[in-house]
Amino acid sequence: MGNSSGAGWRLVAPLVLALLLGAAPGAGPAPVSSSITTAGSAAPGSARVVDERWIRPGREVDVTIASPALQGRATARLLLPRGWSSGSARRWPVLYLLHGCCERDAHRVWTRNTDVERLAATYGVIVVMPPAGWAGFYSDWAHHGRGGAPRWEDFHLRELRRIVERDYGGGTRRAVAGLSMGGFGALSYAARHPGMFAAAASFSGVVHTLMDVRGPALTSGLVASGGDDPTALWGDPVLDRDVWAAHNPYDLVPRLGSIPLYLSSGDGAPGPLDRGAEAGADLLEATIGAMNRRLLARLRAAGASVTAHLYGPGTHTWRYWRRELHRAFPMLMTAVGARRTTHATPSTLDPQEPRCVSAAVC
């Protein structure tokens with residue numbers, strides 16, 4: 001579900017594929033570490049920045065936040081535009097860029113696997129890349145009615161958003177995009193918070209968590225792969241279907257019609273950007289492709305403004321997501337009013353073909 005090294009997906013695959021195929025899973029992978037650091041947890045009250053680590057002064061920074069919503073600390077990476085300065089009264093458009101499941105170093109995956117720094121530098125925009133747990137599903141977990149941490153939705157859309165706007169010059173023109181679990185998050189957030197985002201994009205997104213038996217199996221399997229009780233997220237998919245539906249992009253289509261959307265996925269067959277070990281059929285992307293086809297049909301029936309690139313052959317890999325980020329970026333920037341900076345060097349990446357960031361991912 002987006003792990004840059006592939007190690008996370010290799011751990012998760014046996015359990016999830018067993019669930020998708022209807023087999024009885026074995027013991028599954030061992031529990032994995034969360035993105036939340038509990039040492040020095042936040043006291044009750046407002047979230048606060050407890051550490052700033054500048055990667056490129058004035059341009060790229062990792063911000064560690066003590067979060068009451070998470071009852072711990074979490075780190076987000078921010079890309080800042082040319083012309084940004086600390087303490088300035090200028091407000092910048094903001095793009096929230098969301099990661100997929102099964103990431104141990106979630107705030108770094110977009111900069112590690114794409115050229116998003118170079119792409120963002122051609123526009124006057126702040127890019128925010130937050131963590132959302134191993135399989136946090138961009139939600140405030142129900143915990144069987146008890147509530148409590150993690151509350152990812154609260155962390156992202158209240159705590160982190162306020163910090164970006166108060167301390168880093170973020171404005172109120174926002175867009176959101178994500179891959180896999182993050183594609184779910186982008187569409188779910190946009191639908192659940194009308195008016196907060198001017199556009200949303202999903203790349204190979206888990207966009208129909210209630211699709212026949214596969215949607216609940218995939219979602220529950222990913223949560224279980226992190227060592228968590230799957231029903232702690234939204235409850236049981238049958239008994240608590242209303243809670244699942246309240247987060248599910250497919251069920252939230254009536255609330256997605258007011259903003260431009262970008263939707264893309266493959267169908268799991270080997271595609272033009274696959275090679276080596278990825279050349280076989282990809283059951284995960286096949287399932288996600290079916291979700292996206294159903295969502296697209298419903299969006300079009302509802303008259304939504306959607307740009308779709310359901311490109312057929314293609315697997316659940318970064319080569320496709322890098323390409324789709326480039327295809328979606330102009331629409332996202334137009335929606336938030338981010339202007340191309342005249343002194344920036346536009347990316348030379350052909351949106352049809354990704355640039356090889358490193359031998360490990362190309």
Side-chain angles (χ1 to χ4, degrees), residues 1-30 32 98-103 109 113 134-137 178-185 187 202-228 230 233 237 244 248-250 263-297 308-324 354 361:
M1 294 292 294
N3 187 280
S4 56
S5 67
W9 175 239
R10 285 194 292 272
L11 286 172
V12 174
L15 175 61
V16 175
L17 295 181
L19 287 165
L20 288 174
L21 291 170
V32 296
L98 310 182
H99 68 86
C101 169
C102 319
E103 298 287 1
V109 296
N113 294 288
W134 179 266
F137 271 94
L179 68 90
S180 197
M181 181 183 75
F184 162 88
L187 298 187
S202 168
F203 317 132
S204 296
V206 183
V207 294
H208 192 353
T209 58
L210 285 168
M211 184 185 75
D212 52 63
V213 297
R214 291 171 291 174
L218 176 58
T219 305
S220 297
L222 291 171
V223 173
S225 76
D228 291 303
L233 175 59
W244 281 64
N248 184 19
Y250 181 86
L263 196 67
S264 69
S265 74
D267 63 13
L273 305 183
D274 294 304
R275 64 197 70 171
E278 298 164 358
D282 184 338
L283 178 58
L284 174 61
E285 189 72 4
T287 299
I288 284 173
M291 291 180 176
N292 279 270
R293 289 190 295 273
R294 296 190 192 192
L295 176 62
L296 177 60
H309 187 212
L310 304 189
Y311 41 85
T315 54
H316 205 70
T317 51
W318 275 102
R319 297 186 190 97
Y320 294 97
W321 305 328
R322 290 195 297 272
R323 182 185 69 184
E324 296 309 304
V361 295

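Note: I288 CD1 to S264 OG = 11.0 Å, rounded to the nearest 0.5 Å. Once rounded to the nearest 0.5 Å, the distance linking CE of M291 with CD of E285 reads 10.5 Å. For the atom pair CG (L296) and CG (L263), the distance works out to 6.0 Å, reported to the nearest 0.5 Å. A distance of 8.5 Å separates CG of L218 from CE of M211, quoted to the nearest 0.5 Å. For the atom pair R214 CZ and L283 CG, the distance stands at 8.5 Å (nearest 0.5 Å).
Ring planes of Y320 and Y311: parallel class, angle under 30° (limits at 30 and 60°).
The two residues E103 and V109 come nearest to each other via the heavy atoms OE1-CG1, 3.2 Å. Closest of all the heavy-atom pairs between F184 and N248 is CE1-CA, 4.3 Å. Shown here for L273 and R323, the closest heavy-atom pair between the two residues is CD1-NH1, 4.1 Å. Residue S220 comes nearest to P230 through the heavy atom pair O-CG, 3.6 Å, listed as atom of the first residue, atom of the second, then distance. Nearest heavy atom pair, residue G100 against residue S180, reads CA-CB, 4.2 Å.
Looking at heavy atoms from C-beta onward, R293 lies in side-chain contact with D267 at the 4.5 angstrom threshold. In this structure, S265 and F203 have side chains that are not in contact, with every pair of non-hydrogen atoms separated by 4.5 Å or more. With contacts defined as side-chain heavy-atom distances shorter than 4.5 Å, the pair L222/M181 does not qualify. Side chains of D274 and T317 form a contact here, defined as non-hydrogen atoms less than 4.5 Å apart. Within the 4.5 Å cutoff, side-chain heavy atoms of D282 are placed close to those of H316.
At distances below 3.5 Å, not a single donor-acceptor pair connects side-chain atoms of N292 with backbone N or O atoms of G289.
Contacts of T219 classified as side chain to side chain contact (heavy atoms under 4.5 Å, CB included), with partners at least two apart in sequence or in another chain: F137, V206, T209, L233, W234, W244. The side-chain hydrogen bond (donor to acceptor under 3.5 Å, both in side chains) test applied to R294 returns D212, not counting sequence neighbours.
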